[in-house]
Number of protein chains: 2
Amino acid sequence: MKKTIFVFSALIIALLFLFKLGKYAYFSGDISMEIGIAVIALVFFFIGIYINKKALQKKKPESPVVDIKKIEQLGISKREYEVLVEISKGLSNKEIAHTLFVSESTIKTHVSNLLVKLDAKRRTQAIQRAIDLQILSV
Amino acid sequence: MKKTIFVFSALIIALLFLFKLGKYAYFSGDISMEIGIAVIALVFFFIGIYINKKALQKKKPESPVVDIKKIEQLGISKREYEVLVEISKGLSNKEIAHTLFVSESTIKTHVSNLLVKLDAKRRTQAIQRAIDLQILSV
DNA sequence: ATGGTTTTGGTACTTTAGTATGAGCTTCGA
DNA sequence: TCGAAGCTCATACTAAAGTACCAAAACCAT
């Protein structure tokens, strides 16, 4: 909103400034005036391009973001989600156990729970499901 | 290139047309002329936005595409790649065997070869590697 | 404090996955 | 036509993955 106000203010100022130029050209004859108008047109043309580019740049960081609501809906706990992330990295249960400082048994329990909650038969399927559900950032 | 030429032609024509309007306003007094200039400016402002939007729309279908060169570089055969795709879908060796109409033994062989070529220890890791290498369309 | 959830861990077993090795068959280019 | 490469399949194991069941400690909110 502030951006919009700023942009319009800038446009008004630019317009007033160009009016001065226009009058200046006006006293210098007809041809100069046409050139002045051409300059005005071009300047605003590029302003339009610039504004638009800026606007689109901010839109870009869009949807590759993930999670939260669906994770909660599925009843996946924090710890389980951590395990899910490690699974998607291609780690084995033993490796996950090491990185999370717990026993492999614990990881197996988490994985089993995850498979149920994600309705998957294998960890590879769990990865796919998680990606589909936008629970994992690809 | 043709687009650019067309756009500039259109701009020149628009300019000439607006010059006519400018002259028209010119004979109607100062205020009208300033309004005319403002109109010109705004018109070109929006033309700029429009052109820019069009240009960016064509750029969009960008890089989510995949493969080929790297697949060849890694020495992955067609059949092996098919297996890789099925793996990434979360299928088991047995299921892949069914969908590709071969025995599970064959799939195991392909998987083993894939793991070597992708430098992975597990199929889940193979999936990650393949995604990193842009061999799989996420 | 008491009950529900989460996290942790274990045992015992079944099922997949993955490795190693060998071998027959097809295809395709030199 | 000869050989390399790819695809197929089998046997025999080892190693992960997953299931089932149980249970103690930790955490959190009423």
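Chain letters run A, B, ... following the sequence lines, proteins first and then strands; every chain starts at 1.
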What N/O pairs connect the protein and nucleotides 28-30 of chain C at under 3.5 Å? Give each pair on its own line.
none

Whole angstrom value for the distance that separates P of dT6(C) from CD1 of Ile71(A): 14 Å

Hey, are Arg79(A) and Glu82(A) close enough for a salt bridge, meaning a charged N less than 4.0 Å from a carboxylate O? yes

Salt bridge (charged side-chain N to carboxylate O under 4.0 Å, His left out) partners for Lys121(B), two or more places apart: none

Residues from residues 112-120 of chain A lying under 4.0 Å of DNA chain D - heavy atoms: Ser112(A), Leu115(A)

Pick base, sugar-phosphate or nothing for Ser105(B), based on heavy-atom distances below 4.0 Å to the nucleic acid. base

For Lys70(A) and Ile135(A), work out which heavy atoms get closest and say how close. CB-CG1, 4.4 Å

When the axes are fitted on five pairs at both termini, how much does the helix from dA1(C)-dT30(D) to dA30(C)-dT1(D) curve, in 10° steps? 60°

For Glu95(A) and dA15(D), what is the distance between atoms CD and P respectively, to the nearest whole Å? 16 Å

Contact list (N/O, under 3.5 angstrom) for nucleotides 13-17 of chain C vs protein:
unit_1, atom_1, unit_2, atom_2, d
dA17(C), OP2, Asn93(B), N, 2.9

Atom pair distance, as rounded to whole Å: CG in Leu100(B) and P in dT8(D): 8 Å

Checking all strands, does Thr106(B) fall into the base, sugar-phosphate, or nothing category for heavy-atom contacts under 4.0 angstrom? base

Taking side-chain contact (heavy atoms from CB on, under 4.5 Å) as the test, write out the residues that go with Gln128(A), two or more places apart. Ile131(A), Asp132(A)

According to salt bridge (charged side-chain N to carboxylate O under 4.0 Å, His left out), does anything in residues 90-103 of chain B pair up with another residue at least two apart or in another chain? List the pairs. Arg122(A)-Glu95(B)

Summary of salt bridge (charged side-chain N to carboxylate O under 4.0 Å, His left out) pairs that have at least one residue in residues 104-118 of chain A, sequence neighbours excluded: Glu80(A)-Lys117(A)

Applying side-chain contact (heavy atoms from CB on, under 4.5 Å), name anything that partners Leu115(A), two or more places apart in sequence or on another chain. Val111(A), Ala120(A), Ala126(A)

Figure out the CZ/P separation between Phe101(B) and dT8(D), and round it to whole Å. 12 Å

Separation between OG1 (Thr124(A)) and CG (Leu91(B)), nearest 0.5 Å, reads 7.5 Å

Counting side-chain heavy atoms from C-beta on, which of dG6(D), dT8(D), dT7(C) comes nearest to Lys78(A)? dT7(C)

Winner on side-chain proximity to Thr109(B), out of dC9(D), dG9(C), dT7(C), is dC9(D)

What residues, two or more places apart in sequence or in another chain, satisfy side-chain contact (heavy atoms from CB on, under 4.5 Å) together with Ser103(B)? Ser105(B), Thr106(B)

Donor-acceptor pair, Thr99(A) side chain versus Ile96(A) backbone, under 3.5 Å? yes

Specify the separation, in whole Å, of atom CD1 of Ile96(B) and atom P of dT8(D). 13 Å

Taking all heavy atoms of Asp119(B) and all of Gln125(B), pick out the closest pair and write down the distance. O-OE1, 4.3 Å

So, OP1 or OP2 of dA10(D): does either fall under 4.0 Å of a side-chain N or O from Ser103(B)? yes

Sub-3.5 Å donor-acceptor pair from the side chain of Tyr81(A) to the main-chain atoms of Ile68(A), do we have one? no

Ile127(A) and Ser88(A) have their tightest heavy-atom pair at CD1-CA, 3.9 Å

Contact between Leu118(A) and Leu84(A) at the side-chain level, heavy atoms closer than 4.5 Å - yes or no? yes

Taking atom C1' of dG10(C) as reference, at what distance in whole Å does atom CD1 of Ile107(A) sit? 15 Å

So, OP1 or OP2 of dC9(D): does either fall under 4.0 Å of a side-chain N or O from His110(B)? no

